[in-house]
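Every chain is numbered from 1, with letters handed out A, B, ... down the list of sequences. What you see is a predicted model, and the numbers here were worked out from it, not measured in a lab.
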Amino acid sequence: MRVSQLFTKTSKTAPADEVAKNAQLLIRAGFVYKVMAGVYAYTPLGLRVLENIKQIVREEMNAIDGQELIMTNLQPREVWETTTRWDDDVVDVWFKTKLKDDTELGLAWSHEEAIMEMMRQFIESYKDLPVSVYQFQTKLRNELRAKSGIMRGREFVMKDMYSLHTSAEDLDAYYNRVIEAYKRVYDRLGLGKDTYVTFASGGAFTKFSHEFQTICDAGEDILYVHHGKNIAVNEEVLDEAVAELGIDKNELEKVKSAEVGNIFNFGTDKSEQMGITFTGSDGKEHPIYLASYGIGITRVMGVIVEKFADEKGIVWPENVAPFKVYLVRIGGEKAIEHADKLYEELKGKGIEVLYDDRDERPGTKFADSELIGIPHRVTVSDRLLEAETYEYTPRMGGKTEVLTHAELLAKLG
RNA sequence: CGGGGUGUGGCGCAGUUGAUAGCGCGCCCGGUUUGGGACCGGGAGGUCGAAGGUUUGAGUCCUUUCACCCCGACCA
């Protein structure tokens, strides 16, 4: 991609109505466009990051036999009434709308009921279980107050997976596989070191549910971390969990964190409420066990910005960066010719390059490359070409090296 | 939803006791520049969030309303 063709532009100033670091930087660098409070559009740059995050999640969900699908945003009222969750007093984030004939519809804030209703059609026998399905969906939640940029919006992208089982034991086994898969996801996203599986308040079937919390000053939650045992407890269940786990409260460090994933064990709750059963090997009807597993894709993007950004701008981890290389061109005809050639060469090797082919001064290009946060910067200039060299500067660390063509390719390969 | 704050060219801001809007950045044209956000000259662009009111006169005062931000509450 050539910078001259990107319709987005960088800005030296952040809009006054954004305080959150993630929103300020993402807007300044041209990754998102704010439509209204808590509602952001993703530009080509932003979409590339989202797709990279989604692909990592997709690969790990597929690796544990998740089957990708996509449900709908429009949901019928009746399905949610069977579990009492249509009621605004039970679920306070509903957006609701009506058909022309006044039939009430809900705009999806979650999909447990919708998934189960669909599965009613397909699950008949124990031979049809277990099954795990997931999707990347835009969730709509009528939050009373949107805040923290893209970290808590009214419209956001979430990966939600649902697994259905014949028994609690089978569900538990899969549940633990998902925890392991989630750990791999956060490792690959560059967040592994600071992400904990935490004990949080549970539902009817488990004492605690599990949340994945990433230490982050911009987060909304308070976490107590036990570094020795690698355990973290959500503040809301602190006393209970400390007693249960037999740990000394004084050994816990209090930190702010952002919830980047959440998993729930519903047991047979949903299927009993909705009357969804399978026929067991005993020939009798049994309720289906259900668990759900979420990862906030757009929130993860915000957390990554918050955690890695420095005074110059965003710093994308290698795996989620919109491009691998930012190619800066300085100088006249000779530099243009060589930079064009290098751009094509790198693209030919499958390396994603953002090529700054604009007629701008060097300082502007360097500053933009840093604000946008591409991991590797390569500079081509008349001066360097006289010695047949290139400059290589990693975004993280920022230490420049002068390299030959072969050395450069080795570095980027 | 309770409390607090802010709305003035694309962005960031100034605008005094009411007198017909200004600065920086950005943008357009011309020229000089070219390794850390260049410089000179010229230019375009605003019914001051909206509606109503007070006044000879409102960006400024009053009322209503909308939007946005922050704190709290909320977060199956």
Side-chain angles (χ1 to χ4, degrees), chain A residues 7-20 23-24 27-30 33-40 80 83-94 106 108-113 139 141-149 151-154 156 158 160 200-204 209 211 218-222 234-236 258-259 262-266 269-270 273 290 292 294 296 299 311-313 328-336 356 358-372 377-386 389-391 393 398 400 402:
Chain A
F7 72 82
T8 52
K9 293 173 182 173
T10 58
S11 168
K12 285 186 214 176
T13 54
D17 68 359
E18 290 286 8
V19 171
Q24 287 191 346
I27 291 171
R28 282 185 55 207
Y33 166 77
K34 182 180 196 167
V35 176
M36 62 180 102
V39 180
Y40 295 84
W80 290 89
T83 60
T84 76
R85 295 213 288 182
W86 178 259
D87 191 338
D88 289 326
D89 292 332
V90 176
V91 172
D92 65 358
V93 294
W94 271 118
W109 61 276
S110 188
H111 287 82
E112 281 91 4
E113 279 78 347
K139 305 291 187 190
R141 295 189 185 178
N142 201 348
E143 298 278 359
L144 228 38
R145 182 187 163 203
K147 58 183 285 196
S148 307
M151 289 175 64
R152 183 168 174 184
R154 297 196 168 93
F156 57 95
M158 186 171 186
D160 44 323
S201 58
S209 69
E211 285 176 352
E220 297 183 320
D221 293 329
I222 302 292
N234 201 299
E235 186 173 47
E236 58 189 15
E259 181 185 335
N262 200 337
I263 57 187
F264 278 99
N265 182 347
F266 285 93
D269 196 16
K270 288 282 166 219
Q273 284 179 305
L290 171 72
S292 71
R299 176 178 286 181
E311 63 287 343
K312 290 176 176 174
V328 172
R329 186 186 79 203
I330 301 170
E333 266 179 51
K334 194 177 167 198
I336 291 173
D356 199 338
R358 297 174 299 173
D359 183 23
E360 290 286 347
R361 295 173 67 85
T364 302
K365 297 188 178 189
F366 292 146
D368 278 348
S369 81
E370 285 153 351
L371 175 61
I372 294 170
R377 184 174 83 210
V378 173
T379 304
V380 171
S381 73
D382 291 331
R383 197 174 82 192
L384 289 161
L385 286 171
E386 282 173 25
T389 56
Y390 303 86
E391 269 179 12
T393 310
T400 296
V402 178

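B:C70 atom C1' lies 17 Å from atom CD of A:E143, rounded to whole Å. In this structure, A:L144 places its CG atom 14 Å from P of B:G3, rounding to the nearest Å. Atom CG in A:L371 sits roughly 15 Å away from atom P in B:G26 (whole-Å rounding). Rounded to whole Å, atom P of B:C25 lies 16 Å from atom CZ of A:R28. Separating the CZ atom of A:F7 from the P atom of B:G10 is a distance of 19 Å, rounded to the nearest angstrom. The interatomic distance linking A:Q24 (CD) with B:C69 (C1') rounds to 11 Å, in whole Å. At whole-Å resolution of the value, CG in A:D359 and P in B:U33 are 14 Å apart. In this entry the distance linking CZ of A:R358 with C1' of B:G37 reads 10 Å, nearest Å.
With sequence neighbours left out, A:F156 forms a ring pair (Phe, Tyr, Trp, His ring centres under 6.0 Å) with no residue at all. By the ring pair (Phe, Tyr, Trp, His ring centres under 6.0 Å) test, A:W86 pairs with A:W94, sequence neighbours left out.
The same atom, P, is picked in B:G15 and in B:U56; the two are 28 Å apart, to the nearest Å. Taking the P atom of each, B:G49 and B:G10 are spaced 13 Å apart, rounded to whole Å. With both ends at atom P, the span from B:C62 to B:U17 equals 14 Å, rounded to whole Å. Using atom P as the reference point in both B:C23 and B:G42, the two lie 13 Å apart (nearest Å). Between B:U32 and B:C25, the distance separating the two P atoms is 22 Å to the nearest Å. Look at the C1' atom in both B:G31 and B:A14: the space between them is 32 Å, to the nearest Å. B:C71 and B:G36 are spaced 40 Å apart, taking the C1' atom of each and rounding to whole Å. Separation of the P atoms belonging to B:G4 and B:U63 is 15 Å when rounded to the nearest angstrom.
Note on A:E113: nothing from the nucleic acid sits closer than 4.0 angstrom, heavy atoms only. The residue A:A367 sits close to a base: some heavy atom pair falls under 4.0 Å. In this structure, A:R377 reaches the bases: a heavy-atom distance under 4.0 Å links it to at least one base atom across the strands shown. Note on A:R329: nothing from the nucleic acid sits closer than 4.0 angstrom, heavy atoms only. Residue-level contact check: A:V19 touches the backbone only, with heavy atoms under 4.0 Å from sugar-phosphate atoms and none from bases. Looking at heavy-atom distances under 4.0 Å, A:E259 makes no contact with the nucleic acid at all.
Of the residues near RNA chain B, A:E220 and A:D368, the one whose nearest nucleotide (by heavy atom distance) lies more toward the 5' end is A:D368. Between A:S292 and A:P15, it is A:P15 whose nearest contact on RNA chain B lies nearer the 5' terminus.
With respect to A:E112 and A:K270, no salt bridge is recorded, no charged nitrogen being found less than 4.0 Å from a carboxylate O.
Rounding to the nearest 0.5 Å places CZ of A:R299 at 9.0 Å from CE of A:M158. Interatomic distance, A:T83 OG1 to A:Q273 CD, rounded to the nearest 0.5 Å: 5.5 Å. Between the CD atom in A:E333 and the CG atom in A:D382 there is a gap of 10.0 Å [rounded to 0.5 Å]. The distance from atom CD of A:E259 to atom CE of A:M151, rounded to the nearest 0.5 Å, is 11.0 Å.
Both distances falling under 3.5 Å, in either a Watson-Crick or a G-U wobble arrangement, place B:A67 opposite B:U6. Searching all strands for a Watson-Crick or G-U wobble partner of B:U56 with both distances below 3.5 Å returns B:A19. Within the shown strands, B:C29 is the pairing partner of B:G41 under the Watson-Crick or G-U definition, both distances less than 3.5 Å. In this structure, B:G72 forms a base pair with B:C1, meeting either the Watson-Crick or the G-U wobble geometry with both donor-acceptor distances under 3.5 Å.
Each of B:A76, B:C74, B:G37 was ranked by its minimum atom distance to the side chain of A:D92; first place goes to B:C74. Checking B:C11, B:C75, B:A76 against the side-chain heavy atoms of A:E112 singles out B:A76 as nearest. For A:A37, whose side chain is taken as the heavy atoms from C-beta onward, the closest listed nucleotide among B:C68, B:A73, B:C74 is B:C68. Distances were taken from every side-chain heavy atom of A:K12 (C-beta onward) to each of B:U34, B:C25, B:C71; the shortest belongs to B:C25. For A:T10, whose side chain is taken as the heavy atoms from C-beta onward, the closest listed nucleotide among B:A76, B:G12, B:G37 is B:G37. For A:W109, whose side chain is taken as the heavy atoms from C-beta onward, the closest listed nucleotide among B:C25, B:G12, B:A76 is B:A76.
Considering A:V378, A:T379, A:D368 as possible partners of A:V328, the one that fulfils the side-chain contact (heavy atoms from CB on, under 4.5 Å) test is A:T379.
Counting distance only, with no hydrogens placed and no angle test, the side-chain atoms of A:D17 and the base atoms of B:G7 include no donor-acceptor pair under 3.5 Å. Side chain A:E370 to base B:G36: a donor-acceptor pair is found below 3.5 Å. Residue-to-nucleotide contacts include a donor-acceptor pair under 3.5 Å from the side chain of A:R152 to the base of B:C74.
No side-chain donor-acceptor contact under 3.5 Å links A:R154 to the backbone of A:N142.
For B:C71, the OP1/OP2 oxygens have a side-chain nitrogen or oxygen of A:R145 closer than 4.0 Å. Contact annotation: A:K34 does not reach the phosphate of B:A67 (side-chain N/O to OP1 or OP2, under 4.0 Å).
Other residues, nucleotides and ligands contribute only 12 or fewer heavy atoms inside 6.0 Å of the NZ atom of A:K9.
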So which protein nitrogen or oxygen atoms get under 3.5 Å of nucleotides 38-41 of chain B's nitrogens or oxygens?
residue: B:A38; atom: OP2; partner: A:R361; partner atom: NE; Å: 3.1
residue: B:A38; atom: O4'; partner: A:R361; partner atom: NE; Å: 3.4

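The closest side-chain donor-acceptor pair between A:E391 and A:T400, if any, does not fall under 3.5 angstrom.
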